[in-house]
Every structure is written in C-alpha cells, then in structure tokens.
Enquirer: 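Take a look at the following structure, please.
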Amino acid sequence: MIVCICSNVQDRQIKAALATGIDTLAGLKEALDIANCCGCCEPMVHDFLEAHHGDGAKAGYIDIAQVDCLAYAV
Ligand code: FES
C-alpha cells in the first residue's frame, strides 16, 4: 500500500525502516523522503510510529485481530 504518494513510499518500506531502528518522524523523513512535500501522509506515518512504539490504541490504529476479540466479547 502506498503511504506517501509524493515520494512513492509504501507501508512495507516504512516497516522496514522501523525495523532498522529508525523510530522518529524526522528519521523516516530523512531515510525515505516521506512527508516532505504536501504532508498528507504525515498522519499515517504517525500511526505507523505509534503502532511501532506500542501505542497503537492511542493512535487510532486497530489491529484486525483485536476487532475479532472485541466482537466475541460483546
Ligand atoms: S503524500 Fe507524502 S508528502 Fe505528499
């Protein structure tokens, strides 16, 4: 899935960068040239960062496995 249309950066590239230890917006911007043009992708990049830092719920990031669990809990 393309996250940054301006720089043609896909989600897997962001995940790969996070896996190498780049864990800040500034770092991702420098490494991938992401969120450096129109900025429309920046909220989604933040979601990736927050999910990476284990704060996915706060970011609005919902794991489909969690949705299944919630459906069974209701
Ligand atoms: S979509 Fe990423 S900077 Fe424009």
Side-chain angles (χ1 to χ4, degrees):
M1 170 182 75
I2 294 177
V3 174
C4 181
I5 296 169
C6 295
S7 297
N8 194 26
V9 176
Q10 298 186 1
D11 59 336
R12 61 186 169 160
Q13 293 170 276
I14 295 171
K15 291 174 185 175
L18 291 169
T20 66
I22 299 170
D23 63 352
T24 63
L25 178 61
L28 290 173
K29 283 184 171 186
E30 184 176 331
L32 300 173
D33 194 29
I34 195 169
N36 282 328
C37 187
C38 73
C40 290
C41 60
E42 195 166 316
M44 192 178 294
V45 176
H46 276 289
D47 286 351
F48 278 101
L49 283 166
E50 291 183 11
H52 178 72
H53 292 137
D55 202 11
K58 181 180 172 188
Y61 173 82
I62 299 173
D63 183 351
I64 192 69
Q66 292 175 334
V67 173
D68 285 344
C69 293
L70 290 173
Y72 285 117
V74 174

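For clarity, every value in this text was computed on a predicted model and none was experimentally measured. In listed order, ligands and their atoms are each counted from 1.
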Enquirer: Taking atom 4 (Fe) of ligand 1 as the centre, count the protein N/O/S atoms lying under 2.8 Å from it.
Expert: 2
Enquirer: Is the closest side-chain heavy-atom distance between V9 and V3 below 4.5 Å?
Expert: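 Counting from C-beta outward, V9 and V3 never come under 4.5 Å.
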Enquirer: Take atom CD of E30 as the centre, draw a 6.0 Å sphere, and report whether it contains more than 12 heavy atoms from other residues, nucleotides or ligands.
Expert: no
Enquirer: Shortest non-hydrogen contact from L18 to L28?
Expert: CD2-CD1, 4.3 Å
Enquirer: Can you confirm whether F48 sits close enough to M44 that some side-chain heavy atom of one is under 4.5 Å from a side-chain heavy atom of the other?
Expert: yes
Enquirer: Only one of S7, C4, C6 clears side-chain contact (heavy atoms from CB on, under 4.5 Å) with C37; which?
Expert: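 Only match with C37 under side-chain contact (heavy atoms from CB on, under 4.5 Å): C6.
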Enquirer: Under 3.5 Å, side chain of H53 to main-chain N/O of L49, donor-acceptor pair present?
Expert: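 It does hold such a pair.
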